[in-house]
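A short write-up of the structure that comes next.
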4 protein chains.
Amino acid sequence: MNNKIKRSSPSSEQRAELQKLRILKAARTCFIQDGLHAGTIARISETAQMSPGLIYRYFSSREEIVLGLMRLQVKAGFGPGIAGLTPKVVTARICEYLRRWLAGDPDVPSPPLILEMSAESTRNEAIAKHVVDADKEARASLIAWLTDLSTQAGETVSEKEIQIRAMALGCFIDGLVLRAAREPDLDMEIVEKSMDSLMAMVVPSPPRKAT
Amino acid sequence: MNNKIKRSSPSSEQRAELQKLRILKAARTCFIQDGLHAGTIARISETAQMSPGLIYRYFSSREEIVLGLMRLQVKAGFGPGIAGLTPKVVTARICEYLRRWLAGDPDVPSPPLILEMSAESTRNEAIAKHVVDADKEARASLIAWLTDLSTQAGETVSEKEIQIRAMALGCFIDGLVLRAAREPDLDMEIVEKSMDSLMAMVVPSPPRKAT
Amino acid sequence: MNNKIKRSSPSSEQRAELQKLRILKAARTCFIQDGLHAGTIARISETAQMSPGLIYRYFSSREEIVLGLMRLQVKAGFGPGIAGLTPKVVTARICEYLRRWLAGDPDVPSPPLILEMSAESTRNEAIAKHVVDADKEARASLIAWLTDLSTQAGETVSEKEIQIRAMALGCFIDGLVLRAAREPDLDMEIVEKSMDSLMAMVVPSPPRKAT
Amino acid sequence: MNNKIKRSSPSSEQRAELQKLRILKAARTCFIQDGLHAGTIARISETAQMSPGLIYRYFSSREEIVLGLMRLQVKAGFGPGIAGLTPKVVTARICEYLRRWLAGDPDVPSPPLILEMSAESTRNEAIAKHVVDADKEARASLIAWLTDLSTQAGETVSEKEIQIRAMALGCFIDGLVLRAAREPDLDMEIVEKSMDSLMAMVVPSPPRKAT
DNA sequence: AATGAATGAGCCTTCATTCAT
DNA sequence: TATGAATGAAGGCTCATTCAT
């Protein structure tokens, strides 16, 4: 009774956060399997191994779960992390992501879910806000990346030119997500090569070091 | 009252086809407004100005309507019609399509619906088949188009190179669809320019006519 | 197939009205048995011998049923009909009503339900409106009745005096309703006599016909 | 930390009684606000500033709380305390009570709650018992009071006559409770005057003290 | 004694589908 | 063909109650 000092036992808040995460993960699984609209609370609660009622201790409604999931997805976006990377690496990363998805890795942002959420953003304002925010961030980081590379290469380009390049690259990548959802046997070799040429078009070759 | 010999009344098959179309158009309207999963039979029947019961004479289930709609959407795809067009015209066409969608034109294939159907194809085999078919067709026609242009330009390229180009262009266009759904105020000027540069990359400049 | 002229088959609107009434009657039964809050849609639909879903074709929500029931109850109030009656008859009527309730007559406005609705009117604005309206009507008709009798008797009384009498009589009657709910073996003989003396107090004895 | 010998700490029984009271008071607050059926254990526990679980140490079920509350309400009834008071004072007391309720005083027995409990007594035997007991007590004390006054005035009246008077006065007062629940802007001046005349009718004028 | 997380039965409501007319 | 009333199986959500700590 006295040495109940359970070291590293999670605080109540931490526990709550963990539960939320558990629910979101379960929701993700269900939504990917059944669709954003067909995934039911009952199935989510089964997947999360808790009672339906408990879910409502952590989320006030089903929609709140969807939003929570968006936030998660957004955080996991590859946008933020590309600063400083070479085009090769960025390409490799995206291909790696697609490959994992195609291989059935459940821990990777799900293209179909991204599509459904994008579609939903047309109708649901709350979701729209999240999508827009995520988009802005992604675009900004892409533009920053392209600008950096451009500067490093000694190139002088207008802001608009950068925007055009970002649009080309960004849409291509978005298109890959759409493709990944539709084409389970996407030919990744072709994808990689086409992305290489796009990168070549969009990113200036670095200045030769020597003469 | 009995001998109402309707002269030139459409054959029963034609009539059935017309009814089906009426239902599909109504379904389209509803699905765009409410989403592929939220559009209810009740609303569709209202929109089509017929009773819910009647719908089941032409479609055996709600899902059958969704499939019927896919078939329609597929036929309306812009893939088939690009043969012989110049890159400029193709670009203009796609931009025109996007512009109309952004302006709210209800007669244009709906990006959110395309996204939802693509997502749904992950789960529903029947839908998947349609999507795959449409994709194949679109890809084939894109490849044919690129090959034609290449040949006309006197270029000699491998089939794989063409595939790579088709992937670049195709994904870019798919990405535009995704963007259109998410970004109601997409900057079309940027889009057009970035598509121009992509076209330039993917399509060889035609041989000079004369010396 | 030809002589389908079902004479006196109810029109669609009439049918709807009948269904509504069927639901309201069932609701009444359930609410009296289980209470205004415990009576469930499931039980109502059983009692009305229809599916739960069907109820929602006629009432948009459970609360709408409660309100509908109020309207019914209000219409059945004895207020409106007392004009022209002698005190004796009014007394007899009210006693008759109580007796029938105590005897278990299910077609008589239910005191417990009246109490619950009165209580609910403290919290639910829509219900409050109905209650207030019914109250106003009842009070007005009581005042008119008392004024009439007073005039007939050749009495000259201020409006306020009438209000005071109406309050005395009205509260007494309301109190009877409360009593009826609480005391299943209410002594009706006592009730009648006490009501008689109240009437005597509140209503002037008519002028002697002769010298 | 261990030998916390709380001197003069209340006996466990006393403590239990205090806790019960705390719960009942909280329940009362909640039930008045939300209704007898809508007031949830969760809200009660919040209001009482204790955990939901703890409530079940003192009451075995929600219904037990309702019953406990009845007992409390009954004890607080004004019935017992009127012995020896003059009609004026009794009238004043009741009017005072109504005025406080209408003014929003939360410490006064709540008319809506009384109504709901009366209604509930039709269905719940345990509650019915309490209500009946309270009623009996109230009636008895009212009869005793009227008998006293009658005797003091030198009047000789049958027991039945007293019962009739008690019925008139009792129902009137009950009716006031109903009115108070329904009519937030009850005209207390009228109420008071009508109660005065009722008292005059029911209570004999005291004998002149001197010649 | 006390907490509050967890349970699960049950409620209101929706909607694809059927069927008598 | 056509109608639209009717069905009933879920689905989202609440809340009295329990129980590990």
Side-chain angles (χ1 to χ4, degrees), chain A residues 1 4 6 9 12 15-16 18-19 34 37-46 48-65, chain B residues 12 15-16 19 37-46 48-65, chain C residues 1 4 6 9 12 15-16 18-19 37-45 48-65, chain D residues 9 12 15-16 19 37-46 48-66:
Chain A
M1 238 198 192
K4 240 191 182 175
K6 293 182 201 159
S9 84
S12 145
R15 173 163 185 77
L18 278 172
Q19 291 282 60
D34 306 339
H37 295 86
T40 71
I41 293 287
R43 261 180 58 55
I44 293 173
S45 73
E46 274 169 39
Q49 299 196 56
M50 53 174 72
S51 65
L54 189 53
I55 288 183
Y56 288 85
R57 178 173 283 275
Y58 301 103
F59 293 92
S60 63
S61 71
R62 187 186 183 281
E63 183 171 347
E64 213 61 40
I65 298 178
Chain B
S12 95
R15 175 162 181 73
Q19 290 282 57
H37 297 86
T40 70
I41 294 285
R43 254 176 66 56
I44 292 173
S45 74
E46 274 170 42
Q49 296 192 37
M50 55 171 71
S51 66
L54 190 52
I55 288 183
Y56 283 83
R57 180 169 290 276
Y58 300 103
F59 293 93
S60 63
S61 75
R62 189 184 183 283
E63 186 175 341
E64 211 62 39
I65 298 179
Chain C
M1 239 196 191
K4 240 188 182 178
K6 291 184 202 157
S9 84
S12 146
R15 175 164 184 77
L18 279 171
Q19 290 283 59
H37 296 85
T40 69
I41 293 286
R43 260 180 58 54
I44 293 172
S45 73
Q49 300 195 55
M50 54 173 72
S51 66
L54 189 52
I55 288 183
Y56 287 84
R57 177 173 283 275
Y58 301 103
F59 293 93
S60 64
S61 73
R62 188 185 182 283
E63 183 171 347
E64 212 61 39
I65 297 179
Chain D
S9 72
S12 95
R15 173 159 183 73
Q19 291 280 58
H37 298 86
T40 69
I41 295 285
R43 255 176 65 57
I44 293 173
S45 74
E46 274 169 40
Q49 296 191 39
M50 55 173 70
S51 66
L54 190 52
I55 288 183
Y56 283 83
R57 180 170 290 276
Y58 300 103
F59 293 93
S60 63
S61 74
R62 189 185 184 283
E63 184 175 341
E64 213 60 40
I65 298 179
V66 174

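Predicted, not measured: the structure shown is a model, and the values here were computed from it. The sequence lines fix the lettering, A, B, ..., with proteins before strands; numbering per chain opens at 1.
For F:dA2, the OP1/OP2 oxygens have a side-chain nitrogen or oxygen of B:Gln19 closer than 4.0 Å. OP1 or OP2 of F:dA6 has at least one side-chain nitrogen or oxygen of C:Arg15 nearer than 4.0 Å.
For A:Arg62 (side chain) and A:Gly39 (main-chain N/O), a donor-acceptor pair under 3.5 Å exists by modelled atom type.
Distance CD1 (D:Ile44) to P (F:dA16): 8 Å, rounded to an integer number of Å. The distance between atom CD of A:Gln49 and atom C1' of E:dA5, rounded to the nearest whole Å, is 17 Å. A:Arg62 places its CZ atom 15 Å from the P atom of F:dT14, with the value rounded to the nearest Å. Counting to the nearest Å, the C1' atom of F:dT14 and the CD atom of D:Glu46 are 14 Å from each other. If you measure from atom NE2 of B:His37 to atom C1' of F:dG11, you get 15 Å, rounded to the nearest angstrom.
For the segment residues 51-61 of chain A, the set of residues with a heavy atom within less than 4.0 Å of an atom of DNA chain E comprises A:Ser51, A:Gly53, A:Leu54, A:Arg57, A:Tyr58, in numerical order.
At a threshold of 4.0 angstrom between heavy atoms, the contacts of A:Glu64 with the nucleic acid are absent.
From A:Ile55, atom CD1 reaches atom CD of A:Glu64 across 13.5 Å, with rounding to the nearest 0.5 Å.
Considering all non-hydrogen atoms of both residues, B:Ile41 and B:Ile65 come closest at CD1-CD1, 4.0 Å. Taking every heavy atom of both residues into account, D:Ser45 and D:Ser51 meet most closely at CB-C, 3.9 Å.
In terms of position along DNA chain E, the nucleotide closest to C:Glu63 lies nearer the 5' end than the nucleotide closest to the other residue of the pair B:Ile41 and C:Glu63. In terms of position along DNA chain F, the nucleotide closest to C:Met50 lies nearer the 5' end than the nucleotide closest to the other residue of the pair D:Ala38 and C:Met50.
Using a 4.5 Å cut-off on side-chain heavy atoms (C-beta onward), C:Met50 and C:Gln19 make contact.
Helical stems in DNA chain E, defined as runs of 3 or more consecutive Watson-Crick or G-U wobble pairs with both donor-acceptor distances under 3.5 Å, are listed by first residue as E:2-21 with F:2-21.
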